[in-house]
Amino acid sequence: MNPGGIDLEKTVMRILVRDPERYADREIEVSGWVRGNRDQKAFGFLAINDGTHFNPLQVVYDQGNVSSFEEVSRLRVGAAVTVRGKFLVTPDAKQPFEIIAHEIVLEGDAPEDYPIQPKRHTREFLREVAHLRPRTNLFSAVFRIRSLAAYAVHEFFQERGFVYIHSPIITASDAEGAGELFRVTTLPAQKPPVNEQGEVDFSQDFFGRKANLTVSGQLEAEAFALAFRDVYTFGPTFRAENSNTPRHAAEFWMIEPEIAFADLQDDMDLAEQMIKSVIGKIMALAPEEMEFFFKFVDKGLEVRLRTILEQDFARVTYTNAIEILEKAKAQFEYPVAWGNDLQTEHERYLTEQVFHKPVFVTDYPRDIKAFYMRQNDDGKTVAAMDLLVPGVGELIGGSQREERAELLEQRMKETNINRDELWWYLELRKYGGVKHAGFGVGFERLIMYLTGVGNIRDVIPFPRTVNSCEF
RNA sequence: UCCUCGAUAGCUCAAUGGUAGAGCAACCGGCUGUUAACCGGUAGGUUGUAGGUUCGAGUCCUACUCGAGGAGCCA
């Protein structure tokens, strides 16, 4: 009850959409930001979005009903308002319902230089106003999907009894060989302490040794998999690579499950189930947002996602993939030869031209893969898998891990991995070591795949890339 | 890091080496159910920065800055 004695209920769009009939002809109060204002001589229409639902709410304001009519008719896009009025279900109109206002209060004005207009903006421009872009349709949809996808990922693993591990953000290990590292230090940038050789003396640093931001939680996850059996990490990851592409960021999130008593086949089964589960949940949880992507972002997206849900992913060994590529009529810029890593053009050809769906490529040559991957009996390949998907490229990379201590040590020696730093990783093999496997999913690449948005900078709220750390 | 392309009004884009324009947004006005509303009008510019060629440069040349796409690296 408000002071005026009218039965008035504060509500939000999410609730109204769920059960409009419950509110029919009742007095309600809704607050939101103006998305559009179409004023006429004696009445007008306000589209307001309160952030709780993708679609805006239509507010009808009439000179006879609203005392601040003149002020309301001049409201600009971006202003924040509170509206009180009668809720009306309008089954025959373009919008499912509207509110007939009797009071509209300006909560926060938006001056005429508000950069977001009710028109199409380029993504490049919107990146420059990343603090305002979540108020647009596209980014409203992207970031709600991002939130729901994170939820769906957790739900998938939790339903299966996986234990969520918070792997460290700061690590002392720089031996994982997964790209350039961000140094974490409290040493002064000017004149840091030096040792007798004239090198920076990291023994005087905060941790008494070199420390970096993590590039992967995998090694720590392996330790927990050998205690809990099924675990996953889901957290931020940092790469200081000087790579400027629509698929790379310096700070991104990774999902890394790790499963014990499991081999590469189990690993691929898990990856496939996870992708399908997340897609299915997102389509069920955010139909308005997905419809927007299908219609305005990527015309082929709907068919692609539905195909994934209905069909098994393809699986092909690296060796067979090379044979397919060698027989291909397509002209490749880079030569195809056993022992060479697959180039982007080769991966795209396989997933987009040969299989037309996600494909696992397995059993890569030992020499082009990481030291921890399990060696196959042929002595040439390792039990690795990459999941290639149309449009995005490499979405998942994983492997069965080398559980045999002597073979692991031998590979570390061959690839110049510092044995002393990873003593604990070797002990995992010494004490109750068993076969186990895992993979890493680039969370942003998953979002790109789900939404059809082609640039990683547009699926991260405030993206960090080379030479760019605004906001 | 390499290759290619680009930078003109707040936004999206035009403009043979010869007076910088349009649509949208903004502002003013019109319109009794609009929904990317519609109609009329007004205002808005050191053409990314610094040099150079030329009688004359948004346009040609050089360097730089920023952005995008492709490649490498990877998730």
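Every chain is numbered from 1 and lettered A, B, ... according to where its sequence line falls, protein lines coming before strand lines.
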Any heavy-atom pair between the side chains of [Y] and [X] that's under 4.5 Å?
{"X": "Q218(A)", "Y": "Y372(A)", "value": "yes"}
{"X": "P390(A)", "Y": "F355(A)", "value": "no"}
{"X": "N137(A)", "Y": "F54(A)", "value": "yes"}

Considering every strand shown, what is the Watson-Crick or G-U wobble mate of [N] when both distances are under 3.5 Å?
{"N": "A71(B)", "answer": "U1(B)"}
{"N": "G33(B)", "answer": "none"}
{"N": "A7(B)", "answer": "U65(B)"}
{"N": "A25(B)", "answer": "none"}
{"N": "G56(B)", "answer": "none"}

Should the ring pair [X] and [Y] be called parallel, tilted or perpendicular, given that the plane angle runs from 0 to 90° and is split at 30 and 60?
{"X": "Y232(A)", "Y": "Y164(A)", "value": "parallel"}
{"X": "F157(A)", "Y": "F162(A)", "value": "tilted"}
{"X": "F234(A)", "Y": "W253(A)", "value": "perpendicular"}
{"X": "F292(A)", "Y": "F296(A)", "value": "tilted"}

Pick base, sugar-phosphate or nothing for [X], based on heavy-atom distances below 4.0 Å to the nucleic acid.
{"X": "Y334(A)", "result": "sugar-phosphate"}
{"X": "I456(A)", "result": "base"}
{"X": "P246(A)", "result": "sugar-phosphate"}

Name the closest nucleotide to the [X] side chain, picking from [options].
{"X": "A93(A)", "options": "G23(B), A26(B), U35(B)", "answer": "U35(B)"}
{"X": "T344(A)", "options": "G69(B), G72(B), G23(B)", "answer": "G72(B)"}
{"X": "N242(A)", "options": "C27(B), U1(B), A75(B)", "answer": "U1(B)"}
{"X": "R247(A)", "options": "A75(B), A71(B), C31(B)", "answer": "A71(B)"}
{"X": "E98(A)", "options": "G33(B), U32(B), A75(B)", "answer": "G33(B)"}
{"X": "E112(A)", "options": "A75(B), A26(B), U32(B)", "answer": "A26(B)"}
{"X": "K119(A)", "options": "A68(B), C11(B), G72(B)", "answer": "C11(B)"}
{"X": "R74(A)", "options": "C74(B), G69(B), C28(B)", "answer": "C28(B)"}
{"X": "F125(A)", "options": "A75(B), U35(B), U12(B)", "answer": "U12(B)"}
{"X": "Q95(A)", "options": "A68(B), G23(B), U35(B)", "answer": "U35(B)"}

Write down the distance between [atom1] ([X]) and [atom2] ([N]), rounded to a whole number of angstrom.
{"X": "L132(A)", "N": "G10(B)", "atom1": "CG", "atom2": "C1'", "value": "13 Å"}
{"X": "R133(A)", "N": "C11(B)", "atom1": "CZ", "atom2": "C1'", "value": "17 Å"}
{"X": "E347(A)", "N": "C73(B)", "atom1": "CD", "atom2": "C1'", "value": "12 Å"}
{"X": "E470(A)", "N": "G67(B)", "atom1": "CD", "atom2": "P", "value": "11 Å"}
{"X": "I116(A)", "N": "C24(B)", "atom1": "CD1", "atom2": "C1'", "value": "14 Å"}
{"X": "F54(A)", "N": "U35(B)", "atom1": "CZ", "atom2": "P", "value": "19 Å"}
{"X": "F360(A)", "N": "A75(B)", "atom1": "CZ", "atom2": "P", "value": "15 Å"}
{"X": "I99(A)", "N": "U34(B)", "atom1": "CD1", "atom2": "C1'", "value": "17 Å"}

Can you check whether [X] has a side-chain N or O nearer than 4.0 Å to OP1 or OP2 of [N]?
{"X": "R38(A)", "N": "U34(B)", "value": "no"}
{"X": "T122(A)", "N": "U12(B)", "value": "yes"}
{"X": "Q40(A)", "N": "A37(B)", "value": "no"}
{"X": "R76(A)", "N": "C27(B)", "value": "yes"}
{"X": "R457(A)", "N": "A68(B)", "value": "yes"}
{"X": "N455(A)", "N": "G69(B)", "value": "yes"}

- Item | Base C11(B) paired with H121(A) side chain (donor-acceptor, <3.5 Å) |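 Answer no: no donor N or O sits under 3.5 Å from an acceptor.
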- Side chain of E124(A), base of G69(B): donor and acceptor closer than 3.5 Å? no
Separation of the [atom1] atoms in [N] and [M], to the nearest angstrom:
{"N": "G45(B)", "M": "A7(B)", "atom1": "C1'", "answer": "15 Å"}
{"N": "A75(B)", "M": "A37(B)", "atom1": "P", "answer": "45 Å"}
{"N": "G18(B)", "M": "A57(B)", "atom1": "C1'", "answer": "10 Å"}
{"N": "U47(B)", "M": "U59(B)", "atom1": "P", "answer": "10 Å"}
{"N": "U8(B)", "M": "A50(B)", "atom1": "P", "answer": "16 Å"}
{"N": "C28(B)", "M": "A63(B)", "atom1": "C1'", "answer": "47 Å"}
{"N": "C5(B)", "M": "A25(B)", "atom1": "P", "answer": "35 Å"}
{"N": "G56(B)", "M": "A71(B)", "atom1": "C1'", "answer": "43 Å"}

- Nearest-nucleotide wise, let me know which of N467(A) and R348(A) is further upstream toward the 5' end of RNA chain B.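 The residue mapped nearer the 5' terminus is N467(A).
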- Item | G454(A) or Q343(A), whichever maps to the more 5' nucleotide of RNA chain B | G454(A)
- Task: May I ask you to decide if T465(A)'s main-chain N or O and S468(A)'s side chain share a donor-acceptor pair within less than 3.5 Å?
- Result: no
- Item | Interatomic spacing from CD1 in I145(A) to CD1 in I282(A) - rounded to 0.5 Å |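 Between atom CD1 of I145(A) and atom CD1 of I282(A) there are 5.0 Å.
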- Message: Are A75(B) and F443(A) stacked, with the base six-membered ring and the side-chain ring centres under 5.5 Å apart and planes under 30°?
- Response: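 Not stacked: fails the 5.5 Å / 30° test.
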